[in-house]
Amino acid sequence: MLNELVAILAGLVLLTGMMSAVPAIGKYLDKAGNILLPFKAVIGAIALILGVLSILGGIGLLNVMLILSGLLLVVEFLNKIPAIGNALQRFANWLAPGQALIGVVTIIVAILALL
């Protein structure tokens, strides 16, 4: 359940500023995203760590989405990781144009996993 909650938070942060297009609840989702925005790096690091740890038990879509969203949220800190940091940062920058899609898929997968 922790993975799903972190995935929802990561998805909300990734979609901050874009959620106002959702009818009825969009402005509230945008407000929630803006509240979480200062914690972007923390949420991203937790998502990345949970995704990597969970993938050791088996590859699942939620685990992959946690890793991708975590990479996008901590992109500015990736170059500080010895040996693989620059490669991870280039990969995260390559993913950046798909940030909205990754955010939507992350939230949908997390909600489905909760059901």
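Just so it is clear, the structure is predicted and the values come from calculations on it, not from any experiment.
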| request: Check whether any side-chain heavy atom of T16 sits under 4.5 Å from a side-chain heavy atom of L12, and report yes or no. | output: no
| Check: I59 main-chain N/O paired with N63 side-chain donor or acceptor under 3.5 Å | no
| message | Quick check for you: to the nearest 0.5 Å, what is the distance between L73 atom CG and L78 atom CG? | response | 10.5 Å
| said: Are the side chains of L15 and V104 in contact, using a 4.5 Å heavy-atom criterion? | reply: yes
| note | Sorted by chain and residue number, the ring pair (Phe, Tyr, Trp, His ring centres under 6.0 Å) partners of F91 (sequence neighbours excluded) come out as W94
| Is there side-chain contact between L95 and V75, with heavy atoms separated by less than 4.5 Å? | no
| said: In the structure I gave you, are the side-chain heavy atoms of K80 and Q89 within less than 4.5 Å of one another anywhere? | reply: no
| note | Heavy-atom closest pair (V74 atom, A41 atom, distance to 0.1 Å) is CG1-O, 3.4 Å
| A110 and A7: which non-hydrogen atoms are nearest, and at how many Å? | CB-CB, 3.7 Å
| task | Please write out which residues are connected to L56 in a hydrophobic cluster, directly or through intermediates, given that two of Ile, Leu, Val, Met, Phe, Trp, Tyr count as joined at side-chain heavy-atom separations below 4.5 angstrom. | result | I49, L53
| task | Show your working on side chain to side chain contact (heavy atoms under 4.5 Å, CB included) between L68 and L72 and close with a plain yes or no. | result | CA-CA 6 Å; L68 293 178; L72 284 171; 5.7 Å; no
| request: I would like to know whether L66 and L48 meet side chain to side chain contact (heavy atoms under 4.5 Å, CB included); could you show each step before the answer? | output: CA-CA 6 Å; L66 278 169; L48 186 59; over 6 Å; no
